[in-house]
Protein chains: 2
Amino acid sequence: MPTTARTVSDAIRTRYDDLTRAERQLADRILENYPVSGLGSITAIAENAGVSTPTVARMVQKLGFKGYPEFQSRLHHELEETISNPIAKHDRWALNAPGTHILNRFADAITANLRETLSDLDTKTFEDAAALLGDRDRSIYFVGGRITCALAEYFFTHMQVIRPKTTLISTNSSSWPQHVLNMNRGDVLVIFDIRRYEQEMATLAEVAKSSGIVIILMTDVWGSPVAQHARHIFRVRIEAPSAWDSSVVTLFVVEALIEAVQSCAWDKTRQRMNSLEELFERSRLFRRHNHQKLE
Amino acid sequence: MPTTARTVSDAIRTRYDDLTRAERQLADRILENYPVSGLGSITAIAENAGVSTPTVARMVQKLGFKGYPEFQSRLHHELEETISNPIAKHDRWALNAPGTHILNRFADAITANLRETLSDLDTKTFEDAAALLGDRDRSIYFVGGRITCALAEYFFTHMQVIRPKTTLISTNSSSWPQHVLNMNRGDVLVIFDIRRYEQEMATLAEVAKSSGIVIILMTDVWGSPVAQHARHIFRVRIEAPSAWDSSVVTLFVVEALIEAVQSCAWDKTRQRMNSLEELFERSRLFRRHNHQKLE
DNA sequence: GCAGTTCTGAAAATTTCTCTTCATTCTGCG
DNA sequence: CGCAGAATGAAGAGAAATTTTCAGAACTGC
């Protein structure tokens, strides 16, 4: 056992750079369901990772173990420590932190939020919203509040790659009138409005709706005033053991929507992404100049 | 496998009366440290209980298993269920959608990412990073790439409320030199660099480090080139059933850090937040003007 | 492209594990 | 005490796992 690493996972990570392709594939698989993954025989672990047994044997030796049996016995000991420690039972996510550590409390809260949000979420709302966002005849606009503008931006950045006609509206409401002016009947406005609802956001929604704009709203369970103007509403749980609300589940919904839209019309998207790739490549060349100056 | 018993321990207990002296001694030993005791080979378990290997072989057959391997594999499965998080076992999150619906697949992937990230995360890294970010003597700078700049912005927006001397650096690298110029020894640079690592980011890190700037890096498990310059590294799992990587867990870490920093020096933070509240109130009044115009 | 190197898995060699046989030991009872 | 019957473990046969070898594949640098 290497003296530098305390656990097997440490050993794997510290030497990850030295591993070969097949070995990394194996290492990833082991870490994926750690430490249970190492329970079975060398054959089982190899098959599970889609590599040959010699690869496993070689890697564990590379990691500093005498052989697979020693590797496995280490794993057994770690497992034993995790299991026999009563706190370790279920409620510990970060293995080397107490159950009350902020990381563990946060993890509990977020999974609860995710579970509750999803069990409340109407699949039809999701499908319909995805279909709207995927409709290339409609322009899409994104707007968020002080905190949520980062989410709007994240959503926008991805959608911009996937399809044309996407616009990010600044959080600063003074720019809103001209945006509304540009919108056409049937266009889609994605609004993020979460606790500390901003009154102007409701006004924006009202005005937009009366111009025939379709509104998709991301909000919390208490419901923003925008709700009455929105066609599709995502009510997300945002409670966290923190002075702040959590945006993790909101981001989850955003990412799921991105994937839904993307897979909807993969062919169209693909070509667009390739073209963009090239452009990014070129702009990277541009930027290399700047970085010369930076040095 | 006996149909009556759900678990191995059940099987042992229901047939305990039929066991012989040596078998009971063995059974007791197995139950004593269940289910970890059955991790090793039949030889190990026999020695541990002070009986011979045939005794073990006979007993497991008596209990209804075909042989020791079957017995052991049952034990492994039980262990696996105990270890892995019960919430993650839900095969359906969104109740009215099939298990293969994108929402459910995403939820599975994200909880797996969360679990793996947290079990790999060194608590000390977390504490140390939080302490750095909470140190009001140091200026904090945030920078992200094309996708991750939204995360940097989210982090920045919160930290800005919590403490002074926070700066968001534009993704556009042409602005970087002047920022580096402004930084002082001991200042903190939070870098988001995830897959599709950007070379200039590594250059920025290198330059910053040589000026005595402390770097905190949020990256994926493959490791960005920035890693060699960073003092604290958060390796986050980002795999999702999508053409895109998931930033959900990264955002989780960010929020946990925000809360850790905030609770660190709550008194100082509180006063600052109150002052800010007032300012926001006033600016809201400003904005009401705009919205009058909007109508 | 090509030579040299590294990586990889099939297969054989080796070790270890599991199970069965069988002789020995133990237990209960007349 | 001695015997029948069950229980136990030593030893070996057989099975499975682990390691090593080696030849082909993949990659790298020129």
Side-chain angles (χ1 to χ4, degrees), chain A residues 1-2 8 11-12 14-31 35-80, chain B residues 1-2 8 11-12 15-31 35-77 79-80 199 222-223 225:
Chain A
M1 183 68 212
V8 172
I12 293 177
T14 53
R15 304 225 37 198
Y16 194 84
D17 289 342
D18 302 338
L19 299 183
T20 65
R21 182 192 57 72
E23 286 169 351
R24 286 185 190 196
Q25 184 176 329
L26 169 65
D28 287 343
R29 223 2 133 61
I30 292 175
L31 292 178
V36 183
S37 38
L39 243 39
S41 69
I42 194 174
T43 318
I45 205 176
E47 267 182 18
N48 187 247
V51 301
S52 64
T53 49
T55 302
V56 183
R58 273 190 295 261
M59 190 184 79
V60 298
Q61 288 178 359
K62 210 166 176 180
L63 292 178
F65 301 95
K66 222 183 133 196
Y68 186 77
E70 186 181 314
F71 169 83
Q72 194 175 43
S73 120
R74 277 292 298 201
L75 229 34
H76 285 173
H77 276 102
E78 284 180 31
L79 201 51
E80 195 168 347
Chain B
M1 184 66 215
V8 172
I12 293 177
R15 302 223 39 193
Y16 193 82
D17 291 342
D18 303 340
L19 300 183
T20 66
R21 183 191 56 72
E23 284 168 355
R24 287 185 190 191
Q25 184 179 326
L26 169 64
D28 288 344
R29 216 10 123 63
I30 291 174
L31 293 178
V36 182
S37 36
L39 245 38
S41 71
I42 194 172
T43 318
I45 206 176
E47 269 183 17
N48 187 247
V51 300
S52 66
T53 49
T55 302
V56 182
R58 271 191 295 264
M59 190 184 79
V60 297
Q61 288 177 0
K62 211 167 177 178
L63 291 177
F65 301 96
K66 220 181 136 198
Y68 186 77
E70 187 181 313
F71 169 83
Q72 193 176 43
S73 124
R74 277 291 299 203
L75 230 34
H76 284 174
H77 277 103
L79 199 52
E80 200 165 340
Q199 182 49 47
W222 300 286

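Protein chains get the first letters and strands the later ones, always in sequence-line order, with residue 1 at the start of each.
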What is the minimum heavy-atom distance between A:Val51 and A:Ala22, and which atoms define it?
-> CG1-O, 3.6 Å

Atom-to-atom span, CD of A:Gln72 to P of C:dT15 - whole angstrom = 20 Å

Please tabulate, one pair per line, each protein N/O and nucleotide N/O from nucleotides 14-17 of chain D that are separated by under 3.5 Å, including the distance.
none

With sequence neighbours excluded, residues passing side chain to side chain donor-acceptor pair (under 3.5 Å) with A:Gln25 = A:Arg21

Which residue pairs pass the side-chain hydrogen bond (donor to acceptor under 3.5 Å, both in side chains) test when at least one of the two sits in residues 41-51 of chain A, sequence neighbours left out?
-> A:Arg29-A:Asn48

When the C1' atoms of the five terminal pairs at each end define the local axes, what inter-axis angle does the helix from C:dG1-D:dC30 to C:dG30-D:dC1 show, to 10 degrees?
-> 40°

Partner set under side chain to side chain donor-acceptor pair (under 3.5 Å) for A:Asp18, not counting sequence neighbours | A:Arg15

Residues in side-chain contact (heavy atoms from CB on, under 4.5 Å) contact with B:Ala27, at least two apart in sequence or another chain = B:Ile12, B:Tyr16, B:Leu19, B:Met59

Residues B:Ile42 and B:Ala57: closest non-hydrogen pair is CD1-N, 3.9 Å

Could I get the full list of ring pair (Phe, Tyr, Trp, His ring centres under 6.0 Å) partners for A:Tyr68, not counting sequence neighbours?
-> A:Phe71

Rounded to the nearest 0.5 Å, how far does CG of B:Leu39 lie from CD of B:Gln72?
-> 7.5 Å

May I have the distance from B:Leu19 (atom CG) to D:dT8 (atom P), rounded to whole angstrom?
-> 10 Å

In whole angstrom, what separates B:Lys66's NZ from C:dC19's P?
-> 10 Å

Rounded to the nearest Å, what distance is computed from the CD atom of residue A:Glu70 to the C1' atom of nucleotide C:dT16?
-> 16 Å

Under a 4.5 Å cut-off applied to non-hydrogen side-chain atoms, are B:Lys66 and B:Val60 in contact?
-> no

Short heteroatom pairs, N/O only, protein and nucleotides 9-13 of chain D, under 3.5 Å:
| unit_1 | atom_1 | unit_2 | atom_2 | d |
| --- | --- | --- | --- | --- |
| D:dG9 | OP2 | B:Ser52 | N | 3.3 |
| D:dG9 | OP2 | B:Ser52 | OG | 3.2 |
| D:dG9 | OP2 | B:Thr55 | OG1 | 2.9 |
| D:dG9 | N7 | B:Arg58 | NH2 | 3.2 |
| D:dG9 | O6 | B:Arg58 | NH1 | 3.4 |

Whole Å only: how far is the CZ atom of A:Phe71 from the P atom of D:dT19?
-> 11 Å

Nearest-Å distance for atom pair CG/C1', residues A:Asp18 and C:dC7 | 15 Å

Residue pairs meeting salt bridge (charged side-chain N to carboxylate O under 4.0 Å, His left out), one or both in residues 50-62 of chain B, sequence neighbours left out, come to B:Glu23-B:Lys62

Atom NZ of A:Lys62 and atom P of C:dT6 are separated, to the nearest Å, by 12 Å

Starting at atom CG of B:Leu26, determine the distance to atom C1' of D:dT8, rounded to an integer number of angstrom.
-> 13 Å

At under 4.0 Å, does any side-chain N or O of A:Gln25 touch on OP1 or OP2 of C:dT8?
-> no

Side chain to side chain donor-acceptor pair (under 3.5 Å) against B:Thr55, all qualifying residues, sequence neighbours excluded = B:Ser52

